[in-house]
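In what follows, a single structure is set out as C-alpha cells and then discussed.
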Amino acid sequence: MSERYNIKETESRWRQKWTENDVFAVAEDTAKPKYYVMEMFPYPSGRIHVGHVRNYTLGDVVARYRKAKGFNVLHPMGWDAFGLPAENAAIERGEHPKKWTHENIASMKTQLQSMGLSIDWSREFATCDPEYYAHEQRMFLKFLEKGIAYRKESVVNWDPVDNTVLANEQVIDGCGWRTGAPVERRKLNQWFLKITDYAEELLSDLDGLDRWPNKVRIMQENWIGKSVGLQFTWDIVGADDKIEVYTTRPDTLFGASFLALAPDHPMTQKLAAGKEGFDAFIAECQAQGTSEAAIEKAEKIGFDTGYTATHPLLGRDVPVYIANFILMDYGTGAVFGVPAHDQRDHDFAKKYNRPIPPVVVPENVADFSVEDAAYSGEGVLANSQFLNGMDVDSAKAEVIKRCEADKTGFGTTQYRLRDWGVSRQRYWGCPIPIIYCDDCGAVPVPEDQLPVELPDDISFEKPGNPLDHHPTWKNSECPACGKAAKRETDTFDTFFESSWYQFRYCDAHNDKLPVDKSKADYWLPKDGGVDQYIGGVEHAVLHLLYARFFTKAMRDCGFVNSNEPFSGLFTQGMVTHETFTDENGKWIFPTDAVKNQAGDWVHVETGQPVTIGASIKMSKSKKNVIDPEEILEMYGADAARLFILSDSPPERDLEWTESGIDGAWRFVNKVYTTLSVIELRDGDESALSDQAKDLRRLTHKTIKNVGEAIEAFAMNKAVAFLREFYNGLTGFKPVDAGDQFALREAIETFIVMINPVMPHLAEELWSLLGHETMLVNQEWPKYQEELLATDTMTIGVQVNGKLRASITLPADADQKIAQDVALAEEKVQRAMDGKSLRKFIYVPGRIVNVVVG
RNA sequence: GCGGGUGUGGCGAAAUUGGUAGACGCGCCAGAUUUAGGUUCUGGUGUCCAUCGGACGUGGGGGUUCAAGUCCCUUCACCCGCACCA
C-alpha cells in the first residue's frame, strides 16, 4: 500500500539538506566550463508575484540542467532595493525606507526559498547597502575623470506640488501622476552619462548578440536610431545669419519648397520676435498636448517669418517658417521642406499653399502624381539640374560631394539616442558624490571620504527631497579649498544599480573594488557575458541598453575586460488570468467566484451571477491575481514549477488556470505513488527482449529530446517528453532480467531528468531507490546513438499525394523493396484504381508516394 | 504612420524545417473500483457523412511541388513596440 505523498514535509526536508550541504555555492574552477545563469533581480516590494515564479523557475531549470551537464554554474540572487515605493511607504505610513526595504527583502527571500531554487545565497546583496553603492560612487568619479560623466543644464518635468522632477513616464496628460498638478518645464543642472559616445558601438555590437531575441535587438536598434545624411548651411537673405539644416534626403534638394525651424530654435526669436501673431503662435504650440492622442491629431501649423533662405546649390530662395512639428532636440532643429517626398511637409505645403514639385519619379508608373500624397519610394531624379536621371543613392552622394566641395555642408551621422540623465531629486537612491563650492565649482568627493552614505535621520514631512531639508547632511567643506560648501543632494537614477550588478555577483563582498578583475574574467570573460539572462521584455530598451553601455564604460575605465554584459537573453511572456466581474461590472477576485449547482458562475457570498472576462495580465486593479505563497503552500513548489513550465512556450503568455495547477499537482502525486513502490530486481544487460529494447529506445530518445528542448528553451516540450516517457515506463511489465535492466535504467533516467523541473520529488525518489548521494550532484544521462535506431519502421504511403495506407519496412529497405511492399498493399491498389505507375518516390524513414495517372 | 510578431481541435499547444497534422496536457464522453469524493484506473475524443470506408481540414484566396502548417504571391484579423526623428 503506497503512502500519500507528503509534499510539505518532503520539500522542506530536501531544501534543508541542500542548505546544510551548501550544494549551490560555487567558486571559480578553471577545470570546469563555467555557466552563468541569472534572472532579473526583483524589486523588494514585499511579496513575490507569479511573474517572479515564472522567471525564477525558468532560470532554475537552466541552472540545474547545466550543473548536471558538468558546468560550474553560477546562479545568484540579489535585490534591486532603491526606488520610489520605499519613499511612498515612508510618506504614507511613516516607515523608514531602509527598514521597509529590509523587511520586504526578508519576507521575499523566504518566499523565493520555498520555490527550491538552486541559488548561491552567499552572493546575495541589496543595492541600497553602502557596501554596494560605494562602488557606484567610485565608478562615477572615474567616469567623470574620463569625460563619460558630465553636468549640464537641461529641461526637466517639474512637479510644483511635490517639488520634484518627474520621469516622462510619470507625466500623464501634462500633469503629475501623484499630485495631478500641471507639470512645469524647468531648467535644472543635471548629471549625465555620455551614452551617445557609445551609440555606434552599442549599435554594431548588436550583431554579435545572436542569442538575444531579434525583437529586442530591433527595439534597441530603433532606439539608437542611427541615420546618415547631410548637414548643410543656408543663408538668410537680407540678414547676416545662417541656418544649419540636417537631412537624410539630400537628393531631394531641388524639391525644397520652404525652410522650417523649431519653435524653440535659437534663431526663432531673432527672426520672428515682435512680429504680428508670433506670440499667439508660440502660445498655440505650447498649448499642444504631449499625449499620444494629441500628437496624432495635432495639425501642422507654421508662422511665416517673412524671411527667405537660400543654398548655393539650389540657386533660389524659399520662405522661412517656424513650425510646430519641428523638434529642437533632433538634428539641428531645422529642416528644409520637400512636400513631394515627405508627408509632413506635404500636409504643411497644402495648408500654406506652397508648391509641391516632384523631384523623384518612379519608373514605369503612368499616372504619377504627388498632389494627394508624398512619394517616398525609389525612382529617378527629375527637375533637379545636374541630378536629373540619377537614382536616389547616387544623387544623395552627389549633393553631399558638392556641398563638401564648396564647404557649405558635410555628410554626417545622427542618432536618436540621447545622453542618460542620472540625477533624481530623491532620497532613496545612491548619493551623487559631489560637493559644490562657490569658488571651485563641482568638486568630486575625495576617495578617503567615500562612500557618501545616506543619512538615516530624515523627515518626509515636507514635500520634496529629504536630503535637501536635512539640517546638517549637505553641509560640507570644499575638498579643494577647504571653504564651506554644499553636497549634491540628488541621487542616481535607480537604473544605475541594475546596470552593473552582474559583475557584483562575481565578487559580492569585495570592499575595495566593484569586482576583482580575475573573478570577473572567469565568470564574464571578454567575449562572453552572462550565459543566460532571463527577464521580462519590458526592459528591452532601458535596462538592457544601460547595462550594455555601463559595461563598456567600466571596460574603458579599466574595471573589467568585458564588452557585453549578457551573451544570452531570454524574454519571458506574461502570466495572465481570467477576470471576473459582478452584476454591477465591478472586478472581483477569482476566489470570490464559484460555480453553483446549476453550473453557473456566481459570487461566493451574494450568490449573484458573475461574468467571466478575458484572460489578461494579472494586475491588482483587475483583481485577477494569484498569490504565489498560497499556491506554494497548497500545492508545493514542484507542482507550481511543473505547471508554469507546461503547455505554454516560455516566450508566450501563460494563462494561469485552476485546472492546470491541479493537473500538475496530480502528476506530482502520481509519479510519487507509482515510482515509490516499484520494486527493482537485479538486471542483466546481455539478454534483452524486444520490449526491453523498445523501452531502452524510449529512454535514450527521451534523453536526447529533453536535453535539446531545455537547451532551446522549449520547456513545454521538455515537460511533454517527460510525461510521454513516464507513460511509457509505467506501462512496462518486466518479465526477465533483461527487462529489469531496462526498467531500472528508465526509472533512474526519468528521476534525474525531472530534477530541473521537480527537484524535491526527484531527490525523494532518488533516495528511495537507495542512493546515498544527493541527486542534485548527479550527472545528466548521456544517450547512445545506436540505441535510437529501429529494425523496422512504419511509414505512410501516399497515392498522388494523398495518404492511403501505411507500411512497415526493414530499416535498411531500398527503393525496390519499398516499392514492392507498397504496391502489394490492398488499399494502395484500390487507390491506384487500375491506373499505371508513373513515378515512385521513396524517402527513407519518412514517406512513400505512388504517382499514377 | 513606421517597425516587429501571431493566426493549427472545445482550450494551451506539438510537428525531426518540404515528407503519416494534432505529440503532451487541460476539458469533455463512456466504463471500472471506491462510493465520503472535485479520488484513482481503463478506453475514447479534429469536423462531416457512414456499413466496409470516404470526404474535408492548419485565418481567406491563388501559386510552386510527386508532396505545403512549413516555400512564393495576395488578402484579412488580432497583439506588441516606437511615434511629427527631417
Side-chain angles (χ1 to χ4, degrees), chain A residues 4 213-219 221-223 225-227 229-230 245-249 252 260 262 288 292 295-296 298-300 323-327 329-338 341-345 347-348 376 414-417 537-538 540-541 573-574 595 615 642-643 646-649 651-655 657-664 666-667 669-670 673 701 704-705 708-709 714 716-727 794-807 827 830 838-853:
Chain A
R4 198 187 157 86
N214 219 16
K215 177 189 167 125
V216 175
R217 288 192 301 192
I218 289 166
M219 282 167 76
E221 193 180 318
N222 292 340
W223 189 265
K226 180 180 181 174
S227 73
L230 168 70
V245 170
Y246 173 75
T247 180
T248 56
R249 292 296 302 272
T252 61
Q288 238 166 42
E292 273 180 42
I295 288 173
E296 189 152 354
E299 199 185 348
K300 304 209 168 10
N324 65 337
F325 65 98
I326 309 302
L327 305 175
D329 55 1
Y330 185 80
T332 60
V335 305
F336 72 98
V338 183
H341 304 292
D342 182 290
Q343 191 54 47
R344 292 157 302 172
D345 299 347
D347 296 346
F348 191 83
S376 57
Q414 285 280 338
Y415 299 91
R416 217 183 65 119
L417 186 67
V537 74
E538 66 273 17
V541 176
M574 297 181 304
K595 262 190 185 167
S615 190
L642 174 64
F643 168 60
S646 302
D647 295 358
S648 288
E651 69 277 12
R652 275 194 230 171
D653 286 354
L654 163 73
E655 186 180 352
T657 61
E658 292 303 307
S659 53
I661 182 72
D662 277 345
R666 281 201 301 269
F667 186 69
N669 284 285
K670 192 164 67 171
T673 48
K701 204 175 80 186
K704 183 170 192 278
N705 287 340
E708 285 174 357
N716 55 323
K717 280 159 69 178
V719 168
F721 289 131
L722 287 170
R723 294 187 94 127
E724 201 174 7
F725 186 26
Y726 174 82
N727 293 341
T794 303
I795 62 173
V797 182
Q798 297 177 335
V799 178
N800 281 354
K802 290 200 173 185
L803 189 71
R804 296 296 176 186
S806 69
I807 54 173
K827 288 177 185 169
R830 207 184 319 146
R838 285 236 312 263
K839 197 169 173 187
F840 185 86
I841 291 158
Y842 171 52
V843 184
R846 298 256 191 274
I847 203 150
V848 157
N849 195 359
V850 181
V851 186
V852 294

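Residue numbering restarts at 1 for every chain, and letters A, B, ... go by the order of the sequence lines.
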Any heavy-atom pair between the side chains of [Y] and [X] that's under 4.5 Å?
X: A:F721; Y: A:K717; answer: yes
X: A:T247; Y: A:V335; answer: no
X: A:F840; Y: A:V850; answer: yes
X: A:K215; Y: A:V537; answer: yes

Rounded to the nearest 0.5 Å, how far apart are [atom1] of [X] and [atom2] of [Y]?
X: A:R846; Y: A:I841; atom1: CZ; atom2: CD1; answer: 15.0 Å
X: A:Y246; Y: A:S227; atom1: OH; atom2: OG; answer: 2.5 Å
X: A:I847; Y: A:I807; atom1: CD1; atom2: CD1; answer: 10.0 Å
X: A:S376; Y: A:R249; atom1: OG; atom2: CZ; answer: 7.0 Å

Using the glycosidic torsion, which applies to B:U17: syn (within 90° of 0) or anti (everything else)? syn
Which way is the base of B:G60 turned, syn or anti, if we draw the line at 90° from 0? anti
Counting only side-chain N and O atoms of [X], is one of them less than 4.0 Å from OP1 or OP2 of [N]?
X: A:K717; N: B:A15; value: yes
X: A:Y330; N: B:A86; value: yes
X: A:N716; N: B:A14; value: yes
X: A:R652; N: B:C80; value: no

Starting at [atom1] of [X] and ending at [atom2] of [N], how long is that distance when rounded to a whole Å?
X: A:I847; N: B:A15; atom1: CD1; atom2: P; value: 18 Å
X: A:R344; N: B:C2; atom1: CZ; atom2: C1'; value: 11 Å
X: A:L722; N: B:A13; atom1: CG; atom2: P; value: 20 Å
X: A:F667; N: B:C41; atom1: CZ; atom2: C1'; value: 16 Å
X: A:N222; N: B:G1; atom1: CG; atom2: P; value: 17 Å
X: A:F643; N: B:A13; atom1: CZ; atom2: C1'; value: 13 Å
X: A:D653; N: B:C11; atom1: CG; atom2: P; value: 17 Å
X: A:E651; N: B:C80; atom1: CD; atom2: C1'; value: 14 Å

With rounding to the closest Å, how many angstrom separate the [atom1] atoms on [N] and [M]?
N: B:U8; M: B:A77; atom1: C1'; value: 16 Å
N: B:G3; M: B:A14; atom1: C1'; value: 30 Å
N: B:G9; M: B:G4; atom1: C1'; value: 29 Å
N: B:G62; M: B:G53; atom1: P; value: 32 Å
N: B:G27; M: B:G63; atom1: P; value: 43 Å
N: B:C71; M: B:U58; atom1: P; value: 15 Å
N: B:G44; M: B:C26; atom1: P; value: 16 Å
N: B:U20; M: B:C11; atom1: P; value: 24 Å

For A:G337 versus A:D345, what's the shortest heavy-atom pair and its separation? CA-OD2, 3.3 Å
Which heavy atom of A:N324 sits nearest a heavy atom of A:E299, and at what distance? ND2-O, 2.9 Å
What does [N] pair with, Watson-Crick or G-U, if both distances are under 3.5 Å?
N: B:U20; value: none
N: B:A14; value: none
N: B:U45; value: B:G27
N: B:A67; value: none
N: B:G81; value: B:C2

Pick base, sugar-phosphate or nothing for [X], based on heavy-atom distances below 4.0 Å to the nucleic acid.
X: A:T794; value: base
X: A:L654; value: nothing
X: A:I218; value: sugar-phosphate

Contacts of A:N214 that satisfy side chain to side chain donor-acceptor pair (under 3.5 Å) - sequence neighbours left out: A:R217
More 5' along RNA chain B: A:S806 or A:E658, using each one's nearest nucleotide? A:S806
Mapping A:D345 and A:L803 to their closest nucleotides on RNA chain B, which lands nearer the 5' end? A:L803
Within the distance-only criterion (no hydrogens, no angle test), does the side chain of A:N716 pair as donor or acceptor with the backbone N or O of A:S648 below 3.5 angstrom? no
Does the A:N800 side chain pair with the main chain of A:V852, one donor and one acceptor, at a distance under 3.5 Å? yes
Protein-nucleotides 24-30 of chain B N/O pairs under 3.5 Å:
residue, atom, partner, partner atom, Å
B:G25, OP1, A:N727, ND2, 3.2
B:C26, O2', A:S659, OG, 3.1

Protein-nucleic acid N or O pairs under 3.5 Å, nucleotides 65-68 of chain B:
residue, atom, partner, partner atom, Å
B:C66, O2', A:N849, ND2, 2.9
B:C66, O2, A:N849, ND2, 2.7

For A:F348, ring-ring contact (aromatic ring centres under 6.0 Å, His included) partners two or more places apart: A:F258, A:Y321, A:F325, A:Y352
Counterpart residues, ring-ring contact (aromatic ring centres under 6.0 Å, His included), relative to A:F643 (two or more places apart): A:W656
I'd like a table of atom pairs between the protein and nucleotides 48-55 of chain B - only N or O on both sides, under 3.5 Å - with the distance next to each one.
residue, atom, partner, partner atom, Å
B:A55, OP2, A:R804, NH1, 3.3

